[in-house]
Protein chains: 2
Amino acid sequence: MNTKKTYLTTKKVVRKSVRAASKPSSRDALRYVPLGGFEEIGRNMMFFEYEDEILIIDAGIQFPEEETPGIDYIIPNTSYLESKKDKIKGLIITHGHYDHIGAIPYILDKLGNPTIYTTRLTKEIIMKRQEDFPLSPKPVFEIVAGGETRQLSKNFAVTFFDVIHNIPDGFGMILRTPVGNIVHPGEFKFDYDDEGKPKRLDIWEQVGKEGIHTLMLDSTGAEVPGYALSERIVEKELEKLFRAAKGRIIVGSFASLIDRLAEIIKIAEKIGRRVAISGFSMKGNLEIAQRLGYVKFEKGTVIQLDEIHKYRDDKVLLLCSGAQGESNASLMRIANGEHKQIKIKPGDSIVLSSSVVPGNERSVQNLKDNFARQGALVYHHKMLDIHSSGHAPQEELKTVIKLVKPKFFIPIHGYYFMRWRNAQLAQEALKMKPENSILLDNGVVALIKKDSIEITDEQLPAFYVMVDGLGVGDVGEVVLRDRRTLAQEGMIVIITTLSKQSGRVLKNPDIISRGFIYLKENQELLDEVRRKIRNILGRSPKGQSIDADYAKTLIRDQIGQFLYNKTQRRPMVLPVIIEI
Amino acid sequence: MNTKKTYLTTKKVVRKSVRAASKPSSRDALRYVPLGGFEEIGRNMMFFEYEDEILIIDAGIQFPEEETPGIDYIIPNTSYLESKKDKIKGLIITHGHYDHIGAIPYILDKLGNPTIYTTRLTKEIIMKRQEDFPLSPKPVFEIVAGGETRQLSKNFAVTFFDVIHNIPDGFGMILRTPVGNIVHPGEFKFDYDDEGKPKRLDIWEQVGKEGIHTLMLDSTGAEVPGYALSERIVEKELEKLFRAAKGRIIVGSFASLIDRLAEIIKIAEKIGRRVAISGFSMKGNLEIAQRLGYVKFEKGTVIQLDEIHKYRDDKVLLLCSGAQGESNASLMRIANGEHKQIKIKPGDSIVLSSSVVPGNERSVQNLKDNFARQGALVYHHKMLDIHSSGHAPQEELKTVIKLVKPKFFIPIHGYYFMRWRNAQLAQEALKMKPENSILLDNGVVALIKKDSIEITDEQLPAFYVMVDGLGVGDVGEVVLRDRRTLAQEGMIVIITTLSKQSGRVLKNPDIISRGFIYLKENQELLDEVRRKIRNILGRSPKGQSIDADYAKTLIRDQIGQFLYNKTQRRPMVLPVIIEI
């Protein structure tokens, strides 16, 4: 009976009526459609369409929500693109995070295996993931790098430029389109020098000089005031902490936070600690990054997990995935005492160098509790400056807006309120007219013209496509609604055997129940249910065969009500009539 | 297949081996046991036992966790107390929040209806709640007030003192026991004057002068650095915001945050806005508080909800419950456009004067998004200083520790890590020896003696008692585990009818499934399952009756594996064999 939460797949999204008063003409217009990432964090995907050409940016997954139980991922809805796959001129991938690359193996074939434009590291991460999808076609890559301009098709040219995120080799770009220059900066934050001055602002200045029609800007940090904590400070703080640690150091972080992982290994080298890595994808990512030269460390620095016992406690550092308290990740297994090689000792220092993704607070609390119970010293980002987000906060966003000086502004990536806040920043930074900062929703078609952006009434399919095991898109709202109902109150199956000839109940009804009450302790209630059923079905005149559907409805309603009166719970009542 | 979360009812709590080397003697010792609140936020309850006397403090509920789907509340386990109910000399309730009073109607009868010692307001809130529990006995109250000392029994006397929380009429107390003075300060924060100086520190000084054996201290704020934001600043900030608002003001908060609600009504009065209240318990709490004189406002300030339309938009303020995004609360209904009387207009100001309880981030995001989509201006506590926690943060905790100067320290209320942090604060503030700050777990018996506190091996029952509808304690781990499994992958019921005589399958097996796949779209899979079943059951030699239990096991295993191979999902497979 817990109705505390609002389930979002059934959420009412209250939409403003669209702005366009007269039907907008799409002649000479660039059609722009976000397919994901505009009502959530994740499943980022958008495309541009001009005449007979389509250019796609990113193809990410979204992690499951509380209201999508049992789901592995949510991917963008590509049905519109599938119907126009011949027009697709390329898929640009801005960087190697799963919310930008994760959907690729699911959609590549459906989109006709378009050329993927991306950098070397991102390519390798995509290829690593493809190994798990033997049926997905072999991707075709065009490797690009910051500073390059490519003519991707008749109407689209792209100039790539380097940005700093928390994974190497990400880029931003100027899309040179027939209606003007559109900037998509990927995801970024500022990099600071040792004096705390932001580096490479000249890149943004340069972009601004090109004359920018529209700037799109990541909104993940748009509610966060100020500037990002410099990674140089994070580095110093980590070094201080590591130097002070007397026992083993166990660092929990994200597998995708490659820059941070590299920093940590560098510090370990500096202070003479060997590094062991626990976590499959963390290991994989570091191997790729090292092979391509993005992460450098001396031979012997990284050791195998089972070698850790060969070194003194103050000579090792263990790098683990699972800082969000994921139950199968190595950090949680260590905390629970379930890790084969690593058991916590008093004096171990646990360093959580990551933020807590909303929704994971309780799992992370559990991590911290269990480490502390065993006498470990736990440090997290609210206690010390040992983590910095990869997403530019307000002042950095405003700086970019000021340097790029766009005519129009489209906040991307994030919930509505975050994007609304981002739009406010543009209005503050440039005194931009509110109508020039455009808030879109997933699936809404916008027409970008030389001197305007119009939001149309056209809505492309953008609802959740859910991946559950091998099924892609086969779990829909009905299945999810059932899962949620089953989770709340469980179910009861009532199997009644009727004689076809006499309509009589042939044997005592069978009852199975799960998640409702513990049947073994509730025989009395069961007996009452059985009596009720005989009662319900006995009502039909003797000899007259009872209609099975009608009998089911009677059982569902009356037993449902009876159970509610007895327990104030509403299990799913599933009547089965077997006619013999 | 989402295994991201660790379920906490099945969590591994790694416990340190207890400290007591030799078997501690309980002679002359005060037995102290926390029954709830020591591994969570909520269901606060503890008791003291000396010779044949027991004194209980608080009896709260905990709100359901992600891993307790469908549960209404979790209450403390009182089985030990029930077995000794004749010894209970009183139940002291520190303040009127549900995590301190909510379990009362469930346990009062079981504990022999002990006298409840509390203040006037708390009494009225308890009585209001009793209305929903007609079978619970009529509580017997002794009204106490700050400054009073009561001899509750031969061994226990209590001196009550006023504390500031965010609900009026809370208190702290000095328990005068045969082993020494023990301080339980209830829950509190500092109150600041207009110059920002903390008020009434003299109370804590006075407490310190009494000679304190043990200080117990709420750990909810123990991870938060610094001092609490003064309510005076919150008040000023709210007034500034309200004065600037051009349209209607809609404030979302907690029903239990009575002090804040009173502040808001006071400001509304000052700036000439009428106040309408939407939310059953908020209304109820304000009525009680007003009746007892804790909240004062002029006649005519508070209007009925349906009168709101009689006033200009800039002359009304709507006070709503549901700032956590609870789906049935009025604020969410307004945001969703489902509220009967209130529809959002552009220019409405939404003010969320509350924090976000961990786990509710997504629901609150949904609130903000939907308000912003409709053109409302949304303000929350991360944007402006419009909320302050009711729990003292680190510097306030340290100040109290320094003034009270206890010999021993027991951090109470909160997760292990919070209590560990609180213990650190005591060590910092008083250079207290680590062994004098005691970390307990729910159910662990501690012996408080004149010169020591010993943790024993004795563990009283303290596991979750869950309330679900009318059932108290009848939902156990089995039912919850089933709910969680059903939520993840759903279930499939397979009903096979066998002839008793021939052992033959009599008709095509019936299959019901919920939460697994949408059967209507998966007829082929169903047909395969049916074929498989005939196959499995056909294997028994003709004419030989197959054992039903064995058949069920075969079906469960083989169909389970078959479905997993086909879908990579593991629904609960429930075989039923009907023998005719």
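All values below were derived from every heavy atom in this structure, side-chain atoms included, with hydrogens, water molecules and symmetry-related copies excluded.
Proximity of B/Arg514 to A/Thr485: side-chain heavy atoms (C-beta onward) are nowhere separated by under 4.5 Å. Contact of the B/Leu377 side chain with the A/Trp420 side chain is registered, since non-hydrogen atoms from C-beta on lie closer than 4.5 Å. Looking only at side-chain heavy atoms (C-beta outward), B/Met491 and A/Leu574 come within less than 4.5 Å of each other. The shortest distance between side-chain heavy atoms of A/Tyr518 and B/Glu477 does not fall below 4.5 Å.
The most heavy-atom pairs under 4.5 Å with chain A, out of B/Asp510, B/Val475, B/Val378, come from B/Val378. Interface summary for chain A: among B/Asn522, B/Val479, B/Ile344, the most heavy-atom pairs under 4.5 angstrom belong to B/Val479. Your options are A/Ile578, A/Leu506, A/Val224, and the one with the most heavy-atom pairs under 4.5 Å with chain B is A/Ile578. Here A/Met572 is the residue among A/Arg481, A/Met572, A/Met418, A/Lys382 with the most heavy-atom pairs under 4.5 Å with chain B.
Atom CD1 in B/Ile512 sits 8.0 Å away from atom CD1 in A/Ile512 (nearest 0.5 Å). Here the CG-CD distance, from A/Asn366 to B/Glu39, works out to 10.5 Å after rounding to the nearest 0.5 Å. Rounded to the nearest 0.5 Å, atoms CZ (B/Phe417) and CG (A/Leu367) are 11.0 Å apart. Atom CG in A/Asp474 sits 8.5 Å away from atom CZ in B/Phe516 (nearest 0.5 Å).
With hydrogens and angles ignored, the 3.5 Å screen pairs a side-chain donor or acceptor of A/Arg483 with a backbone N or O of B/Gln488.
Proximity to chain A (any heavy atom under 4.5 Å) is shown, for B/Ile517, by both the backbone and the side chain. If you measure heavy-atom distances from A/Arg419 to chain B, the contacts under 4.5 Å come from the side chain alone. Only the side chain of B/Thr497 comes within contact range of chain A, with heavy atoms under 4.5 Å apart. For a residue to count as touching a neighbouring chain, one of its non-hydrogen atoms must lie under 4.5 Å from one of that chain's; by this rule B/Arg421 touches chain A with the side chain only. Interface remark: B/Val576 contributes side-chain atoms only to the contact with chain A (heavy atom separation under 4.5 Å).
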Test log, rule side-chain contact (heavy atoms from CB on, under 4.5 Å), inputs A/Lys507 and B/Ile580: CA-CA 9 Å; A/Lys507 59 191 294 281; B/Ile580 295 288; 4.1 Å; yes
B/Glu489/A/Asp468 under side-chain contact (heavy atoms from CB on, under 4.5 Å): CA gap, chis, key distance, verdict: CA-CA 9 Å; B/Glu489 311 272 15; A/Asp468 186 3; 3.9 Å; yes
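Ion pairing of A/Arg569 with B/Asp72 is absent here, as no side-chain N (NZ or NE/NH1/NH2) approaches a carboxylate O to less than 4.0 Å. The residues A/Arg362 and B/Glu66 are annotated as not salt-bridged, no charged nitrogen and carboxylate oxygen being separated by less than 4.0 angstrom. Using a 4.0 Å cut-off between charged nitrogen and carboxylate oxygen, B/Lys368 and A/Glu223 count as a salt-bridge pair.
Contact record, A/Pro69 with B/Ala487: CB-O, 3.2 Å, taken as the closest heavy-atom pair. Residues A/Asp369 and B/Tyr415 come closest through the heavy atom pair OD2-CB, 3.3 Å.
Residues meeting the side-chain contact (heavy atoms from CB on, under 4.5 Å) test with B/Leu470, sequence neighbours left out: A/Gln568.
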